[in-house]
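All remarks here apply to the structure that follows.
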Amino acid sequence: MSEIVGHANVRAAARDTENYSSDLQGDRDVRTYRQLPLEVDPPRHHLYRTALTPLFVKPKIEKMIPQFEAIADRLISKFKANGGGDVVSELALPMVGHCLGVIYNRPQDVEEWLSWGPDVWITTPEGRSGVHLDNYLKTVFDEAENSDEDNAWTFISKLQIEGEPISRIEMYGIANVLLAGGRDTVVKLMTGMIWHLATAIADREFLIKNPDKLGSAIHEVLRYLSPLPRMERVPASIRTLPEELRDPGDYDHLSFVSGNFDESVFSEPDQINIHRERNPHLSFGFGPHICIGNHVAEVETAALISTFLREVDDWKILPESNISFDAIGKYKYPGRFHSLLVSCK
């Protein structure tokens, strides 16, 4: 295994699909199909991505902002009335779940999504499991293939690539990205914003007075948190081997977090500086596989945080919170917010 590190090196490798291929299946312990279009190379990658674009076009998502804000207002009103609680399970996760219910027009599925917790791969006493997700996908696509309802699963079930209907396995691969990619990473971003602003009083006051700068602050916290720290790639030396004959230990890793903490690009990378004039972070990936839903993550987070700043006068992080930290070189950053317990008024 080779780790590709540094901002310039990671960007170059992310563009070089010949020598750093996405022709692989990840999460091998919990799924038997590829996430699409994430785990396929151009040109077929572009065909999937183009087909999915109507779900995420900017004007469509921006029309949903009032609904996102209404969700945030409802969640924060309850949170505030209770004097606080766990930001992860009581604000961030339900915010993401209900927003996805709006985007995919599947409000009837939100409670099931939330029952999975912050990760679609439910952890059992025996380890991670994809059984719940597999059962869900079979159920919704059995329904979608015989339905004309206007929702994401029906849309996907009717997709064609180069004039050919996609297979059921391809449907699962696309839906997996739509449920997993827009979930735990955004939960971490939302939670991290509240975590940072709890103690960064100057940043909090600045954003209250300058709400138009919230987008820049979100991108800076994204850089610092690096919700997607790395991704696998297949080196050219083994790319021609059938996947079952490859050793995943020989896969390369693109270290997005190393790019986000590259001192040649970001001064004091271990500091959250919402006033950075230049922020070419890699938290959404880079190159042809850059996150198709990056605008969705920004809009959802802005709706929650702007409402939180408006409605919550003061809050503090309780010491019982459970945060694990990861390291990149000499720097540490929050790897996961297992819980972020907050008292507020």
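Since the structure is predicted, the reported quantities are computational estimates derived from the model, not experimental observations. All values below were derived from every heavy atom in this structure, side-chain atoms included, with hydrogens, water molecules and symmetry-related copies excluded. Count residues from 1 along the sequence.
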Mind jotting down which residue pairs meet the ring-ring contact (aromatic ring centres under 6.0 Å, His included) criterion with at least one end in residues 297-322? Sequence neighbours excluded, please. Phe308-Trp315
Measure the shortest side-chain to side-chain distance between Phe261 and Phe266 over non-hydrogen atoms and say whether it is less than 4.5 angstrom. no
If you measure from CG on Asp27 to CG on Asn176, what distance do you get to the nearest 0.5 Å? 7.0 Å
Establish, from distance only, whether the side-chain atoms of Ser167 and Glu170 form a donor-acceptor pair under 3.5 Å. yes
Arg34 and Glu232 ion-paired at < 4.0 Å: no
Using a 3.5 Å distance criterion without hydrogens, assess whether the side chain of Asp119 forms a donor-acceptor pair with backbone atoms of Trp121. yes
Applying salt bridge (Lys or Arg N to Asp or Glu O under 4.0 Å) to Asp314 and Arg204, what does each step give before you reach the verdict? CA-CA 10 Å; Asp314 193 18; Arg204 187 195 309 179; 3.5 Å; yes
Report yes or no: does Ser283 contribute a side-chain atom to a donor-acceptor pair with the main-chain N or O of Leu222 at less than 3.5 Å? yes
From His46 NE2 over to Ile161 CD1, what is the distance, rounded to the nearest 0.5 angstrom? 12.5 Å
So, Glu220 versus Asn279: side-chain donor-acceptor pair below 3.5 Å or not? yes
Are the side chain of Asp262 and the backbone of Ser264 linked by a donor-acceptor contact shorter than 3.5 Å? yes
Evaluate the side-chain proximity of Val187 to Val88: yes if any heavy-atom separation is below 4.5 Å, no if none is. yes
Counting neighbours of NE2 on His295 that are heavy atoms of other residues, nucleotides or ligands and sit closer than 6.0 Å, is the number greater than 12? yes
Name every donor-acceptor pair, under 3.5 Å, that has one atom in a side chain of residues 337-345 and the other anywhere in the protein, sequence neighbours excluded.
from: His338; atom 1: NE2; to: Ser324; atom 2: OG; distance (Å): 3.1
from: Ser339; atom 1: OG; to: Asn322; atom 2: N; distance (Å): 3.1

Output the distance between atom CD1 (Ile166) and atom CE (Met171), rounded to the nearest 0.5 Å. 5.0 Å
Are side-chain N/O atoms of Asp109 and Tyr104 paired as donor and acceptor at under 3.5 Å? no
State whether the side chain of Ser77 and the backbone N or O of Arg74 hold a donor-acceptor pair below 3.5 Å, judged by distance alone. no
With a 4.0 Å cut-off on N to O distance, would you call Arg239 and Glu18 a salt bridge? yes
So, Tyr136 versus Trp116: side-chain donor-acceptor pair below 3.5 Å or not? no
Looking at Leu47, is its backbone amide N or carbonyl O close enough to the side chain of Thr50 to form a donor-acceptor pair, meaning the two atoms are under 3.5 Å apart? no
Would you call Glu145-Arg168 a salt bridge at under 4.0 Å N-O? yes
Nearest heavy-atom contact between Gln35 and Ala180 is NE2-CB, 4.2 Å
Is there side-chain contact between Phe206 and Lys213, with heavy atoms separated by less than 4.5 Å? yes
d(Ile76 CD1, Ile71 CD1) to nearest 0.5 Å is 11.5 Å
Would you find a donor on one side and an acceptor on the other, under 3.5 Å apart, between the side chain of Glu311 and the backbone of Asp73? no
Kindly indicate, with the supporting measurements, whether the criterion salt bridge (Lys or Arg N to Asp or Glu O under 4.0 Å) is fulfilled by Asp29 and Arg128. CA-CA 8 Å; Asp29 59 326; Arg128 297 202 312 166; 2.7 Å; yes
Would you mind checking if Lys330 and Glu263 are paired as a salt bridge, meaning a charged N to carboxylate O distance below 4.0 Å? yes
Decide yes or no on side chain to side chain donor-acceptor pair (under 3.5 Å) for Asp86 and Ser89, but give the supporting numbers first. CA-CA 6 Å; Asp86 179 16; Ser89 62; 3.0 Å; yes
Provide the closest heavy-atom pair for Pro288 versus Ala14 in the form atom of the first, atom of the second, distance. CD-O, 3.5 Å
Would you sort out whether Glu39 and Arg28 count as a salt bridge (Lys or Arg N to Asp or Glu O under 4.0 Å), showing the intermediate values? CA-CA 13 Å; Glu39 294 174 343; Arg28 290 168 286 275; over 6 Å; no
Glu143 with Arg106: basic N within carboxylate O range, under 4.0 Å: yes
Parallel, tilted or perpendicular: ring planes of Phe284 versus His219, cut at 30 and 60 degrees: perpendicular
Taking everything shown except Gln160 itself, do over 12 heavy atoms lie less than 6.0 Å from its CD? yes
Do the side chains of Arg336 and Asp184 get close enough for a salt bridge, i.e. N-O under 4.0 angstrom? no
What about Phe325 and Ile328, same hydrophobic cluster or not, with Ile/Leu/Val/Met/Phe/Trp/Tyr joined at side-chain heavy-atom distances under 4.5 Å? yes
Mark yes when over 12 heavy atoms from residues, nucleotides or ligands other than Lys332 sit less than 6.0 Å from its NZ; otherwise mark no. no
Could you identify which residues cluster with Tyr20, counting Ile, Leu, Val, Met, Phe, Trp and Tyr as linked when any side-chain heavy atoms lie under 4.5 Å apart, either directly or through a chain of such contacts? Ile4, Val10, Leu38, Val177, Leu228, Met231, Leu254, Phe256, Leu282, Phe286
Heavy-atom nearest pair, Leu225 first then Gly192, reads CD1-CA, 3.8 Å
Could you go through Gln271 and Tyr224, starting from their C-alpha distance and side-chain angles, then the distance that decides it, and tell me whether this counts as side chain to side chain donor-acceptor pair (under 3.5 Å)? CA-CA 8 Å; Gln271 302 298 312; Tyr224 177 80; over 6 Å; no
Backbone N/O of Ser267 and side chain of Arg276: donor-acceptor pair under 3.5 Å: yes
SG of Cys99 to CD1 of Ile61, rounded to nearest 0.5 Å, is 9.5 Å
Under a 3.5 Å cutoff, is there a donor and acceptor pairing between the side chains of Asp270 and Tyr333? no
Under the 3.5 angstrom rule, does the side chain of Lys78 hit a backbone N or O of Glu90 as a donor-acceptor pair? no
Please examine the side chains of Ser22 and His45, heavy atoms only from C-beta on, and report whether any two atoms are closer than 4.5 Å. no
Taking Glu298's backbone N and O only, do any of them form a donor-acceptor pair with Thr301's side chain (distance below 3.5 Å, no angle check)? no
Lys NZ or Arg CZ of Arg49 over Phe56 ring: under 6.0 Å, within 45°: no
Just checking Glu244: does its CD atom have more than 12 heavy atoms from other residues, nucleotides or ligands closer to it than 6.0 angstrom? yes
Verify whether one side chain among Thr154 and Asp148 offers a donor that lies under 3.5 Å from an acceptor in the other. no
Among Thr307, Leu304, Val102, find the residue that satisfies the side chain to side chain contact (heavy atoms under 4.5 Å, CB included) test when tested with Phe68. Val102
Taking the six-membered ring for Trp, are Tyr172 and Phe141 parallel (under 30°), tilted (30 to 60°) or perpendicular (over 60°)? tilted
Are Asp134 and Arg31 within salt-bridge range, i.e. N to O under 4.0 Å? no
To the nearest 0.5 Å, tell me how far His98 NE2 sits from Leu75 CG. 6.0 Å
Has Arg246 got its NZ or CZ under 6.0 Å from the middle of the six-membered ring of Tyr251, at an angle within 45 degrees of the ring axis? no
Hey, is the main chain of Leu133 close enough, under 3.5 Å, to the side chain of Lys138 for a donor-acceptor pair? no
Minimal non-hydrogen separation, Thr191 against Ala92, with atom names: OG1-CB, 3.5 Å
With the side chain counted from C-beta on, respond yes when Ile305 and Leu309 share a heavy-atom pair under 4.5 Å apart, and no when they do not. yes
